[in-house]
Amino acid sequence: MSEALLSVRNLSVEYLTQSGTVYAVDQVSLDIEAGQQLGLIGESGCGKTTLMRALIQVLPRNGRITSGEVYFKGRNLLELTPAEMREIRWREIATIPQASMDSLDPVRRVGHQLEKLLKIRGGLSQAQARERAIMLFELVGLDPERLSHYPHEFSGGMKQRAIIAMALSLNPSLLIADEPVTALDVIVQHQILEVLQHLQDELNLTVLLITHDISVVAQLCNEVSVMYAGRVVERAAAETFFREPNHPYSLGLQQAYPNLRQPRDTLISIEGYPPDLRQPPGGCRFARRCPLALAECRAEDPALREIVPGHWAACLRSAEMDALREQAEEPLFWRETEAAREVGLSTVAAEATDAASANGHTAARGETAEEILLDMRGVSKRFKIGGGLAGLVRGQREQTLYAVNEVAFTLRRGESLGLAGESGCGKTTTGKLLVKLIEPSAGEIVFDGAELAHLDARAELAFRGRVQLMFQNPFEALNPRFTLYRSLAEPLIIHGWKDEEERLARILDTLERVNLQPPELFLDQYPHQLSGGQLQRVVLARALVLHPDFLVADEPVSMLDVSVRAGILNTTRRLAREMGLATVYISHDLSLLQYTCDRIAVMYLGYVVEIGPSHEVIANPKHPYTQSLIAAVPVPDPTLKTEPLRIREGVPRPTEQVRGCPFASRCPEVREACLEHFPPSVEIEPGHFALCHLYGEHAESPPLSEEQIAAATSTQY
């Protein structure tokens with residue numbers, strides 16, 4: 001028995017399903033010392049969350065622990081009664097659940113929920129619980145006045161902080177965080193990571209962090225364990241793992257992740273999917289997807305063994321890894337796998353060969369009138385909220401939400417533009433305006449010479465065939481009752497494709513283009529039978545089946561594992577080049593936009609505050625907000641610690657128009673003119689514009705002090 005705070009030995013977990021027994025966790029062992037932060041990484045379905053559920057014994061009814069031991073402070077948790085285990089949870093082991101955004105009771109005040117936990121599980125009086133709740137909110141950076149608010153009055157980042165406060169309420173010895181920053185934009189993610197780092201330093205927290213985001217692990221953890229197909233395949237100190245990964249799967253994960261500091265022309269895509277855990281293969285479980293696999297890898301199941309002191313890997317070729325790492329950096333090398341050959345990736349060479357010239361490939365062309373496909377001319381969108389009978393009862397007056405403000409840009413044929421910014425900045429609303437799902441309140445949108453507001457019914461139907469929207473969530477984008485054939489045939493039928501043989505030929509061709517091969521196998525399948533990566537490829541196929549001229553992709557890979565999303569991005573970029581497709585990508589992740597887009601437009605409170613060539617915006621950002629966005633992106637390198645952001649917290653309400661610069665209340669470089677006058681749009685470099693007083697006539701004026709900013713912004717909004 002180990003002296004570690006938590007020691008797991010040969011733990012196995014099964015799920016009993018109608019289609020067979022799923023061996024979700026298989027002989028997993030790991031140790032966590034007091035004060036250690038262990039990052040557990042791997043693809044969806046690898047067993048991470050099942051392992052966490054087994055540790056605290058909250059498995060679903062069809063799950064069971066079949067073998068192993070789990071020692072916590074010297075006690076085997078698997079031998080405890082349910083009542084004894086309830087005393088362990090919250091008091092000794094607390095969790096931040098994966099869906100923490102939905103973990104608060106929507107009809108109870110947040111403070112009431114926290115105080116109830118402190119009274120029932122902590123045994124505190126009402127006064128003690130209130131005092132403790134105030135202290136916890138201050139600890140995680142929340143205003144204690146927020147204790148009286150309901151969850152819907154909290155932003156995403158505030159909800160996450162409230163959940164962290166609940167997890168820490170009873171001073172647990174171990175904190176298990178399951179995807180704690182998933183679905184948060186980069187500014188909020190950075191703030192949550194700062195909170196967790198502060199808590200680690202102040203409280204000497206012991207943390208088990210479960211995530212597929214290796215950059216988060218690099219910033220928070222000092223140890224890393226990698227899971228694949230129910231097993232731990234590598235474990236090492238964080239710096240060692242990121243410098244010298246010793247398992248091919250770890251190599252692939254690192255090279256599939258975009259990096260702002262060290263950008264790649266082509267991201268690695270680990271083709272294929274993990275094995276079916278109802279019938280695990282006899283040899284190495286990664287062999288089909290591994291470019292280093294030998295014949296013996298398919299016959300012999302490698303054990304986790306110590307390669308050098310403190311570094312374990314389950315690979316027959318670990319001793320050769322120093323020489324093999326350089327080969328694995330070549331994208332084409334990863335196509336020499338059994339899984340890649342099975343799907344018949346005939347376009348791989350083109351992806352790799354064209355990658356170097358893909359970024360900025362349209363930037364050097366002259367912008368002639370004939371090349372412009374889309375022109376936004378001072379477009380604004382307002383929404384009326386509140387008011388009405390319900391508002392009258394609640395005493396709420398009608399308000400105007402200023403979602404998009406005077407947005408203007410052009411898009412050439414074949415060009416890709418990225419829209420970046422925090423949640424609520426107007427990116428998705430802009431995307432909906434571009435595809436005419438909503439109408440602008442002011443301004444014009446001209447598509448191929450025609451103003452969208454003036455299209456008649458026939459012209460609008462033709463427009464719908466030339467413009468497509470790729471939705472954010474692939475799991476909700478397809479009708480679950482339709483086969484994939486019917487989902488893909490529907491847009492063809494709507495647009496007059498009466499010949500069934502022609503429809504089938506177009507669908508098969510499109511499925512093959514998005515690397516769903518052989519395409520015939522997918523026609524009769526339903527969405528629930530596909531993985532997330534396959535579903536996203538189907539959503540892409542549906543968007544492309546009409547061969548459109550323009551595509552809006554709203555967070556197209558935000559819900560996918562890093563290895564899967566690399567394949568989607570490679571495929572989307574290749575098809576855009578092949579089809580001459582103009583594309584607008586909407587994302588809060590600038591590292592992805594740098595890889596996929598010719599130009600990037602940064603939005604804040606509905607305004608485009610900076611726009612320019614992607615390499616220029618990333619390497620030489622001009623607007624203070626863009627600089628903050630770039631600084632907030634975590635880097636998959638534990639030796640590069642993220643610095644505190646200079647940006648102030650608190651986004652102004654979009655229901656009130658600001659006087660002066662919309663970013664003034666949060667800007668570290670604010671001048672007096674920023675508070676009084678709307679900033680000009682200045683072309684700093686050719687094609688690179690910033691909406692900022694720092695480059696206008698007030699550039700030489702001194703920044704305001706903190707006291708001056710506080711006094712001015714308190715009455716500005």
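Remember, it's a predicted structure, so these values are computed and weren't measured experimentally. Numbers here simply count residues along the sequence, with the first being 1.
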*Can Ile93 and Arg89 be said to form a side chain to side chain contact (heavy atoms under 4.5 Å, CB included), step by step?*
CA-CA 5 Å; Ile93 303 177; Arg89 300 188 201 105; 6.0 Å; no
*Taking it one step at a time, do Tyr23 and Thr66 satisfy side chain to side chain donor-acceptor pair (under 3.5 Å)?*
CA-CA 10 Å; Tyr23 303 95; Thr66 57; over 6 Å; no
*asked:* Is there a salt bridge (charged side-chain N to carboxylate O under 4.0 Å, His left out) between Arg506 and Asp499? Walk through the geometry before answering.
replied: CA-CA 11 Å; Arg506 172 62 68 87; Asp499 190 302; over 6 Å; no
_For Thr483 and Gln525: C-alpha separation, side-chain torsions, deciding distance, then whether side chain to side chain contact (heavy atoms under 4.5 Å, CB included) applies._
CA-CA 5 Å; Thr483 63; Gln525 294 193 16; over 6 Å; no
*Carefully, step by step, assess Tyr15 and Arg64 under the rule side chain to side chain contact (heavy atoms under 4.5 Å, CB included).*
CA-CA 7 Å; Tyr15 289 114; Arg64 64 181 184 183; over 6 Å; no
*Test log, rule salt bridge (charged side-chain N to carboxylate O under 4.0 Å, His left out), inputs Arg289 and Glu43*: CA-CA 13 Å; Arg289 306 173 71 191; Glu43 292 174 276; 2.9 Å; yes
*Go through the steps to decide whether Asp554 and Thr428 satisfy the test side chain to side chain donor-acceptor pair (under 3.5 Å), and finish with yes or no.*
CA-CA 7 Å; Asp554 188 2; Thr428 296; 3.2 Å; yes
*List the steps and the verdict of side chain to side chain contact (heavy atoms under 4.5 Å, CB included) for Met470 and Val552.*
CA-CA 6 Å; Met470 189 173 173; Val552 175; over 6 Å; no
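Note that Arg466 lies outside the cation-pi zone of Phe463, set by a 6.0 Å cut-off to the ring centre and a 45° limit from the axis. Both tests do not hold together for Arg285 against Tyr228: distance to the six-membered ring centre under 6.0 Å, angle to the ring axis within 45°.
Atoms CG and CG, on Leu535 and Leu540 in that order, are 12.5 Å from each other to the nearest 0.5 Å. Distance OG1/Thr572 to CG/Leu581: 9.5 Å, rounded to 0.5 Å. To the nearest 0.5 angstrom, Leu6 atom CG is 6.5 Å from Leu30 atom CG. Residue Arg537 holds its CZ atom at 11.5 Å from CG of Leu511, rounded to the nearest 0.5 Å. Taking SG of Cys284 as the reference point, atom CG of Asp301 lies at 7.5 Å (rounded to 0.5 Å). Annotation: the span from Lys427 atom NZ to Thr429 atom OG1 amounts to 9.5 Å, rounded to 0.5 Å.
Within a 6.0 Å sphere centred on NZ of Lys436, heavy atoms belonging to other residues, nucleotides or ligands number more than 12. More than 12 heavy atoms of other residues, nucleotides or ligands shown are found within 6.0 angstrom of CD on Glu153.
Side chain of Arg464 to main chain of Val435: a donor-acceptor pair is present (N/O by atom type, distance under 3.5 Å, no hydrogens or angles). Listed for the Gln113 side chain is a donor-acceptor partner under 3.5 Å among the backbone atoms of Asp105. Remark: side-chain polar atoms of Asp185 are paired, donor with acceptor, to backbone N or O of Ser423 under 3.5 angstrom. For the pair Glu502 (side chain) and Lys498 (backbone), a donor-acceptor distance under 3.5 Å is absent. Between the side chain of Asn62 and the backbone N or O of Thr17, no donor-acceptor pair lies under 3.5 Å. Using modelled atom types, no side-chain atom of Thr95 and backbone atom of Pro97 make a donor-acceptor pair closer than 3.5 Å. Proximity of a side-chain donor or acceptor of Gln219 to a complementary backbone N or O of Val216 within less than 3.5 Å is not detected. Not a single donor-acceptor pair under 3.5 Å links the side chain of Lys48 to the backbone N or O of Met227. The backbone N or O of Ala566 lies less than 3.5 Å from a partner atom in the side chain of Asn570, making a donor-acceptor pair. With Glu490 contributing its side chain and Ser487 its backbone, the two residues share no donor-acceptor pair below 3.5 Å.
Ring geometry for Tyr249 against His247 counts as perpendicular: the plane angle is over 60°, on a 0 to 90° scale with 30° as the lower cut.
Under 3.5 Å, the side chains of Ser215 and Tyr257 contain a donor-acceptor pair of N or O atoms. No side-chain donor-acceptor contact under 3.5 Å links Thr21 and Arg278. Counting only N and O atoms by type, the side chains of His588 and Glu555 include a donor and acceptor under 3.5 Å apart. In summary, the side chains of Ser591 and Asp589 do present a donor paired with an acceptor at a separation below 3.5 Å, with no hydrogens or angles considered.
Leu523 places a side-chain heavy atom less than 4.5 Å from the side chain of Leu508. Taking 4.5 Å as the limit, every side-chain heavy atom of Leu417 sits out of range of all side-chain heavy atoms of Tyr585. At a threshold of 4.5 Å between non-hydrogen side-chain atoms, the residues Leu492 and Ile507 count as touching. Looking at Leu175 and Leu208, their side chains never come closer than 4.5 Å, going by heavy atoms from C-beta outward. Side-chain contact check for Gln57 versus Ile88: every heavy-atom pair is 4.5 Å or farther apart. Taking 4.5 Å as the limit, every side-chain heavy atom of Ile41 sits out of range of all side-chain heavy atoms of Ile210. Under the 4.5 Å side-chain criterion, counting only non-hydrogen atoms from C-beta, Val22 is not in contact with Glu14. Counting heavy atoms from C-beta outward, Val538 and Phe522 have side chains that stay 4.5 Å or more apart.
The side chain to side chain contact (heavy atoms under 4.5 Å, CB included) test with Val217 is passed by exactly one of Leu38, Leu40, Leu209: Leu209.
Across all non-hydrogen atoms, the minimal contact from Ala576 to Thr583 is CB-OG1, 4.0 Å. Considering every non-hydrogen atom in both Ile494 and Leu461, the closest pair reads CG2-CD1, 4.3 Å. Between Ala256 and Ile268, the shortest heavy-atom contact is CB-O, 3.1 Å. Residue Ala328 comes nearest to Trp334 through the heavy atom pair O-NE1, 2.6 Å, listed as atom of the first residue, atom of the second, then distance. In plain terms, the two heavy atoms of Tyr526 and Gln529 that are nearest each other are N-OE1, 2.7 Å. Shortest non-hydrogen contact noted between Leu11 and Ala54 is CD2-CB, 4.1 Å.
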